[in-house]
Amino acid sequence: MSETLSKESKGQVGRVRVDDRPKHLATRLERGEIAVINVADLDRESAAALVEAAPIAVLNAQPSLTGRAAALGPRLILDAGITLVDDLGQDIMSLREGQEVAVTGGKVLVDGGIIATGRAVSAQDLDVEVADSATLFAGFEGSVEDYLAKDGATVLRGEGVPSIDGLGKRPILLVSAASEAASDCRALARWRSEAAPFVIAVDGGADVALKAHLTLDLVVGDADLMSEKAIRRARAFIVRVGGDGLAPGAQRLDRMGIVYERVAMAGTSLDAALVVAAHSGATAVVTAGVSYGEAELVDAGRALVAPAFFSRLAVGSRLIGAQAVAATFRPRPRGWTLVLLALVALGLMGVALWSTPWGNDLLHPITSFFVSLMHSAGGTQ
């Protein structure tokens, strides 16, 4: 029997969208609605997808930060001014899609009755002591043998990895759906115009690439996380098939009649895209919106550490971040620039010669010719 609130404020009111998968939820979440999720230690990538949809609140059945990893996801939510209520319990997942609820502090109400009580997360809650990541990486060490037995041939030797058509000798630009991807693409504008990279978009990165006016040479990932326009504009599509046999987004592509290839491996769409790029023969793989630090690996969770590590290892020294390219790239001089520099140099040489007696004698016939030509033109007028 739910309690009722008679005197408390209604708080924030909105329709709910419910899904265990935050990134999928974000594709149908409208501005001003309320997201209901079921994720322990909300990761940064999922939080960024929710923030992009601009809900007024995020309700989590589990704790969004447990202390096992840095609070990268919850911090993004709060920095965007979105209310985050944690540890509401599994009953919150029974809310109907589109049902209207009110959020007051840590309480969730339907028709004035409290249906769940959790904890409203504040900025002070984010400053928690994080567990030593050595434990996570010790577990990673123990899982390497199992992972390589399943996916080693695919990731390290390229067995079963689709080939890329039309790459030639171009570098690859890999665009993710992360919040930094758009700014990375802008920072690479001059490099893009000169290098003409082969563009691989990952999941919602397809829409990021379209907004940056990039050609979608290849899209890797879940079609449910991108717009129909992005799917139609993609020249080729690869879907990742997990160890459970599921291929996220494949059903949507089948309904749309889109032809696609598959790559079977554990991990994320980003890991799959890196493996495809690694075995493509590309001279370089430049990433937009991809982070490589310890915090990001810990944030991804134990199950994804091995795929993330070995997919990057497969690319090796060819893997370069967008900011590194933008900081070190120096564009080649354009043709008109060289012509202008040559004319300026000739002019300076002429001035230098004119200032000497020998140069004056040498240039006198030329200057006399132009002077007489100007007088003749003036006389005809």
Asker: Take T287 and I320 through the test side-chain contact (heavy atoms from CB on, under 4.5 Å) and record every step on the way to the result.
Answerer: CA-CA 6 Å; T287 59; I320 315 169; over 6 Å; no

Asker: Between the main-chain N or O of A230 and the side-chain N or O of S227, is there a donor-acceptor pair closer than 3.5 Å?
Answerer: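 Yes, S227 side chain to A230 backbone: donor-acceptor pair under 3.5 Å.
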
Asker: Where is the tightest heavy-atom contact between A273 and L174, given as atom of each residue plus distance?
Answerer: CB-CD1, 3.8 Å

Asker: May I ask you to test the L59-D86 pair for a side-chain heavy-atom distance under 4.5 Å?
Answerer: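 Not in contact.
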
Asker: If hydrophobic clusters are built by linking Ile, Leu, Val, Met, Phe, Trp and Tyr wherever their side-chain heavy atoms come under 4.5 Å apart, do V51 and L25 end up in the same one?
Answerer: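 The answer is yes; both residues are in one hydrophobic cluster.
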
Asker: Salt-bridged, D217 to R235, with N to O below 4.0 Å?
Answerer: yes

Asker: Once rounded to the nearest 0.5 Å, what's the spacing between atom CD1 of I34 and atom CD of Q99?
Answerer: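 The CD atom of Q99 is 11.0 Å from CD1 of I34, to the nearest 0.5 Å.
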
Asker: In terms of side-chain geometry, is the basic nitrogen of K229 or D207 positioned less than 4.0 Å from the acidic oxygen of its partner?
Answerer: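 So K229 does not pair with D207 through a salt bridge.
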
Asker: Quick check: closest heavy atoms across R192 and L214, and the distance to 0.1 Å?
Answerer: NE-CD2, 3.3 Å

Asker: Just do the side-chain contact (heavy atoms from CB on, under 4.5 Å) check on V36 and R17 with the steps written out, would you?
Answerer: CA-CA 6 Å; V36 181; R17 301 293 175 192; over 6 Å; no

Asker: Nearest 0.5 Å please: distance from the CD1 atom of I200 over to the CG atom of L173.
Answerer: 9.0 Å

Asker: Quick one, L109 and V101 - any side-chain contact, counting heavy atoms below 4.5 Å?
Answerer: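 In short, these two side chains do not touch, never coming nearer than 4.5 Å.
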
Asker: Would you say CD of E97 has more than 12 non-hydrogen atoms from neighbouring residues, nucleotides or ligands within 6.0 angstrom?
Answerer: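 Counting other residues, nucleotides and ligands, CD of E97 exceeds 12 neighbours.
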
Asker: Consider only side-chain N and O atoms of S94 and D91, and report whether a donor and an acceptor are under 3.5 Å apart.
Answerer: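 Not at all, the side chains of S94 and D91 share no donor-acceptor pair under 3.5 Å.
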
Asker: Is any NZ, NE, NH1 or NH2 atom of the basic residue among R232 and E228 found under 4.0 Å from an Asp or Glu carboxylate oxygen of the other?
Answerer: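 Yes, R232 and E228 are salt-bridged.
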
Asker: Assess, by modelled atom type and distance only, whether the side chains of T83 and Q12 contain a donor and an acceptor separated by less than 3.5 Å.
Answerer: yes

Asker: Can you get from V290 to I172 by hopping between Ile, Leu, Val, Met, Phe, Trp and Tyr side chains that sit under 4.5 Å apart?
Answerer: yes

Asker: Is there a side-chain contact between V286 and P197 (heavy atoms, below 4.5 Å)?
Answerer: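 Contact flag for V286/P197 side chains = no.
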
Asker: Under 3.5 Å, is there a donor-acceptor pair between the side chain of R262 and the main chain of I238?
Answerer: no

Asker: Considering non-hydrogen atoms only, spot the tightest contact between A120 and G105 and give its length.
Answerer: CB-O, 3.8 Å

Asker: Looking at R28 and D19, does any basic side-chain N land under 4.0 Å from a carboxylate oxygen?
Answerer: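 Yes, charged N to carboxylate O under 4.0 Å.
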
Asker: Are any side-chain N or O atoms of S46 and backbone N or O atoms of D43, one a donor and one an acceptor, separated by less than 3.5 Å?
Answerer: no

Asker: Start with the C-alpha distance between D222 and K23, add both sets of side-chain angles, then the distance that settles salt bridge (Lys or Arg N to Asp or Glu O under 4.0 Å), and finish with yes or no.
Answerer: CA-CA 10 Å; D222 188 345; K23 287 189 284 186; over 6 Å; no

Asker: If you compare all heavy atoms of S176 against all heavy atoms of G289, which two are closest, and at what distance to 0.1 Å?
Answerer: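 Minimum heavy-atom separation between S176 and G289: OG-O, 2.8 Å.
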
Asker: Taking NZ, NE, NH1 and NH2 as the nitrogens, is one of them in E100 or R15 under 4.0 Å from a carboxylate oxygen of the other?
Answerer: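 Not counted as a salt bridge, because no side-chain N and carboxylate O are separated by less than 4.0 Å.
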
Asker: For a 4.5 angstrom cut-off between non-hydrogen side-chain atoms, does V263 reach V241?
Answerer: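 Not in contact.
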
Asker: Between I92 and A61, which heavy-atom pair has the shortest distance, and what is it?
Answerer: CG2-CB, 3.6 Å

Asker: Grouping I, L, V, M, F, W and Y whenever their side-chain heavy atoms are under 4.5 Å apart, do Y260 and L270 come out in a common cluster?
Answerer: no

Asker: Less than 4.0 Å between a side-chain N and a carboxylate O, is that true for D271 and R312?
Answerer: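 Yes, charged N to carboxylate O under 4.0 Å.
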
Asker: With heavy-atom distances below 4.5 Å as the criterion, would you say the side chains of L88 and V108 are in contact?
Answerer: yes

Asker: R170 side chain to G166 main-chain N or O, any donor-acceptor pair under 3.5 Å?
Answerer: yes

Asker: Drop me the distance from L84's CG to S64's OG, to the nearest 0.5 angstrom.
Answerer: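 Going from CG on L84 over to OG on S64, the span is 4.5 Å.
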
Asker: Shared ILVMFWY cluster between L42 and V121, side chains joined below 4.5 angstrom?
Answerer: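 Looking at the clustering, V121 is in the same group as L42.
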
Asker: Working to the nearest 0.5 Å, report the span between CG of D146 and CG of D151.
Answerer: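 Interatomic distance, D146 CG to D151 CG, rounded to 0.5 Å: 11.0 Å.
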
Asker: Quick one: does any side-chain atom of E33 pair with a main-chain N or O of E30 as donor and acceptor, under 3.5 Å?
Answerer: yes

Asker: Taking all non-hydrogen atoms of both residues into account, name the closest pair between S163 and E261 and its distance.
Answerer: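 Here S163 and E261 meet closest at O-OE2, 4.3 Å.
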
Asker: One pair to check against side-chain contact (heavy atoms from CB on, under 4.5 Å): L29 and L50. What are the steps and the verdict?
Answerer: CA-CA 8 Å; L29 187 63; L50 293 173; 4.2 Å; yes

Asker: For a 4.5 angstrom cut-off between non-hydrogen side-chain atoms, does V199 reach T215?
Answerer: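 No. Closest side-chain heavy atoms not under 4.5 Å.
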
Asker: In this structure, would L218 and V275 fall into the same cluster of hydrophobic residues linked by side-chain contacts under 4.5 Å?
Answerer: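 Cluster IDs for L218 and V275 match.
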
Asker: Is there a donor-acceptor pair under 3.5 Å between the side chain of D203 and the backbone N or O of A177?
Answerer: no

Asker: For the backbone of V155 and the side chain of H279, can you confirm whether one donor and one acceptor N or O come within less than 3.5 Å of each other?
Answerer: yes

Asker: F237 versus L253: any side-chain heavy-atom pair under 4.5 Å?
Answerer: yes

Asker: Check the pair D125 / S122 against side-chain hydrogen bond (donor to acceptor under 3.5 Å, both in side chains), numbers first and verdict last.
Answerer: CA-CA 5 Å; D125 296 325; S122 66; 3.2 Å; yes

Asker: Could you give the distance from CE (M265) to CD (E159), rounded to the nearest 0.5 Å?
Answerer: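 CD of E159 is found 14.0 Å from CE of M265.
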
Asker: What distance separates L156 CG from S311 OG, expressed to the nearest 0.5 Å?
Answerer: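 Rounded to the nearest 0.5 Å, the CG-OG separation comes out at 10.0 Å.
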
Asker: Is there a side-chain contact between L210 and R233 (heavy atoms, below 4.5 Å)?
Answerer: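 Counting from C-beta outward, L210 and R233 do come under 4.5 Å.
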
Asker: Using modelled atom types only, decide if a donor and an acceptor are shared between the side chain of R240 and the backbone of A247 within a distance under 3.5 Å.
Answerer: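 Checked: no pair found.
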
Asker: Let's go through N38 and Q62 carefully: what are the C-alpha distance in whole Å and the side-chain angles of both, what is the deciding distance for side-chain contact (heavy atoms from CB on, under 4.5 Å) to 0.1 Å, and is it a yes or a no?
Answerer: CA-CA 6 Å; N38 185 21; Q62 300 189 59; 3.0 Å; yes

